[in-house]
Structures are given as C-alpha cells and as structure tokens.
Amino acid sequence: MKLPVVIHQARLGADEFRVIRPARPLSHAVLIDHDRHLDVYLDQDAARRIAGLWMLAARSPRSLIHLPMRANRPPVREVPDDVGFQLDLVLLHHSLQFAPSSWKQVRSRLGAGRPQTVNLPDTDPVDNAAVDWAARHYRENRDLFHSTFMPRHCS
C-alpha cells in the first residue's frame, strides 16, 4: 500500500518529534467522545487509510501519527442527537512514552512539513488457525489503550 503523507518536525524543549499526517484529509472520518464511550464513523477509504497509518505507528517507534478529524462533518443520519465532542486521533508506539498533555504544544509548533510516500506491506487475510490466541496474555503484549480527551473548547 502506498500512502501519501506529510512529515513534520517539532521541537519541545530538548526533545524533537516527528509528526506524520495523511497528505489528503480524512474527510469521511469522525471520532466523537460521548462522555462514556467513543464512536468512530468511517467510509471504506478512510478505514483503509487509518489502518495503514496505525500500522505505520506500530512500526515507527519515534513518530507521532496525527489524524486531524475534529473539523469533519459527521454523517448526519448516523450520529445520535446527543453528539459529544469531536476529536483528533494521535497514534504512537508505546515506547515513545509521549505525554498526552504535551500534544497541544507539539501541534502548535508544526510547520508546513514535507510530502512523502510511505510504502506499507499489503496485508493478507488472517488465517485463524495460524493465530496464537494465547499471545495476548504474554507480558510483552500487554500494551494498554490510553486515551486522553482534549475537547475542542480546550484545545
């Protein structure tokens, strides 16, 4: 899979971060915080691109992958009336140990960036017989999904 991206550099104190964004906006992707749960609304193209960017985050331990989605219009007929806050999504490798509270500062320091194309391997359908289901219990596979919400009025 060839994925066009824009690569930015941002310095925060002594640390320098590489931030990768999709070159084309994910206009049909919306992430909504409903206070007690998150909902994501995607079309097929956005789902495929997000999966590729997620793979890139897993393989790029020194990069932040920023998916700007806060400004996208939600699909009207599918979103409940009690719409919460729309969010961006930032993906990163656990080993980076990036503090979510630093994201706003890093985001404010991003310049124009440079376009690049990332080549990711195509994935074959998973053969369930070949999956090591017990591996999820191995200590090295116990990464947690951490979420920090920064509603629009706070960003």
Side-chain angles (χ1 to χ4, degrees), residues 1-80 82-124 126 140-155:
M1 169 197 266
K2 291 184 187 247
L3 192 60
V5 297
V6 178
I7 300 177
H8 307 264
Q9 299 293 118
R11 181 166 292 285
L12 186 60
D15 298 321
E16 186 168 11
F17 296 97
R18 180 171 62 168
V19 178
I20 301 173
R21 290 177 168 162
R24 291 183 300 121
L26 295 165
S27 54
H28 293 109
V30 178
L31 177 63
I32 301 176
D33 171 17
H34 290 286
D35 188 32
R36 296 179 192 265
H37 70 279
L38 299 173
D39 281 335
V40 63
Y41 299 91
L42 309 167
D43 68 1
Q44 189 174 23
D45 176 62
R48 190 173 292 126
R49 289 170 51 207
I50 289 172
L53 291 162
W54 202 303
M55 184 186 308
L56 182 61
R59 294 170 181 231
S60 304
R62 302 187 51 83
S63 298
L64 299 166
I65 312 297
H66 177 220
L67 308 174
M69 299 187 290
R70 282 185 300 161
N72 294 350
R73 281 185 55 193
V76 178
R77 65 181 186 276
E78 295 178 21
V79 177
D82 63 338
V83 173
F85 297 105
Q86 288 188 222
L87 305 170
D88 287 347
L89 181 61
V90 179
L91 305 170
L92 57 127
H93 194 274
H94 68 93
S95 65
L96 188 58
Q97 297 188 4
F98 179 78
S101 60
S102 301
W103 171 244
K104 287 186 225 176
Q105 292 174 322
V106 169
R107 186 180 62 198
S108 70
R109 289 172 168 79
L110 297 178
R114 59 182 166 76
Q116 189 172 339
T117 300
V118 176
N119 291 312
L120 296 170
D122 289 326
T123 58
D124 295 325
V126 175
E140 64 271 14
N141 295 334
R142 290 190 183 164
D143 290 346
L144 300 174
F145 179 77
H146 295 281
S147 60
T148 299
F149 304 108
M150 295 179 201
R152 186 177 304 184
H153 68 275
C154 295
S155 57

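Numbers here simply count residues along the sequence, with the first being 1.
- Judged purely by distance below 3.5 Å, without hydrogens or angles, the side chains of D88 and H66 pair a donor atom with an acceptor atom.
- When all heavy atoms are compared, the tightest approach of V6 to A112 is CG1-O, 3.6 Å.
- With sequence neighbours left out, the salt bridge (charged side-chain N to carboxylate O under 4.0 Å, His left out) criterion links R21 to no other residue.
- Atom CZ of R109 has more than 12 neighbouring heavy atoms from other residues, nucleotides or ligands inside a 6.0 Å radius.
- Looking only at distances, no side-chain donor or acceptor of N72 sits under 3.5 Å from a matching main-chain atom of V30.
- The structure places CG of L92 at 10.5 Å from CD of Q97, a figure rounded to the nearest 0.5 Å.
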Give the C-alpha distance, both sets of side-chain angles, the deciding distance and a yes or no for side chain to side chain contact (heavy atoms under 4.5 Å, CB included) between M1 and M55.
-> CA-CA 11 Å; M1 169 197 266; M55 184 186 308; over 6 Å; no
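- With contacts defined as side-chain heavy-atom distances shorter than 4.5 Å, the pair L53/P22 qualifies.
- Looking at heavy atoms from C-beta onward, V40 lies out of side-chain contact with I50 at the 4.5 angstrom threshold.
- Of the options L3, L67, V5, L91, a side chain to side chain contact (heavy atoms under 4.5 Å, CB included) to I20 is made by V5 and by none of the others.
- Every residue two or more places apart in sequence or in another chain was checked for a ring pair (Phe, Tyr, Trp, His ring centres under 6.0 Å) with H93, and none qualifies.
- Rounding to the nearest 0.5 Å gives a distance of 4.5 Å between CE of M69 and CG of L31.
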Going through the checks in order, is the side chain to side chain contact (heavy atoms under 4.5 Å, CB included) test met by D45 and H28?
-> CA-CA 8 Å; D45 176 62; H28 293 109; over 6 Å; no
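- Atom CZ of R49 is separated from atom CG of D43 by 8.5 Å, given to the nearest 0.5 angstrom.
- Taken from CD1 in I7 to CD in Q116, the straight-line distance is 3.5 Å, to the nearest 0.5 Å.
- For residues 2-18, the pairs satisfying salt bridge (charged side-chain N to carboxylate O under 4.0 Å, His left out) are R11-E16, with sequence neighbours left out.
- The side-chain heavy atoms of F98 and V90, taken from C-beta on, include no pair separated by under 4.5 Å.
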For the pair V118 and R59, evaluate side chain to side chain contact (heavy atoms under 4.5 Å, CB included) and give the outcome as yes or no after the intermediate values.
-> CA-CA 12 Å; V118 176; R59 294 170 181 231; over 6 Å; no
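- Closest approach of L110 to A10, counting heavy atoms only: CD2-CB, 3.7 Å.
- In this structure the side chain of V19 reaches within 4.5 angstrom of the side chain of W103, judged on heavy atoms.
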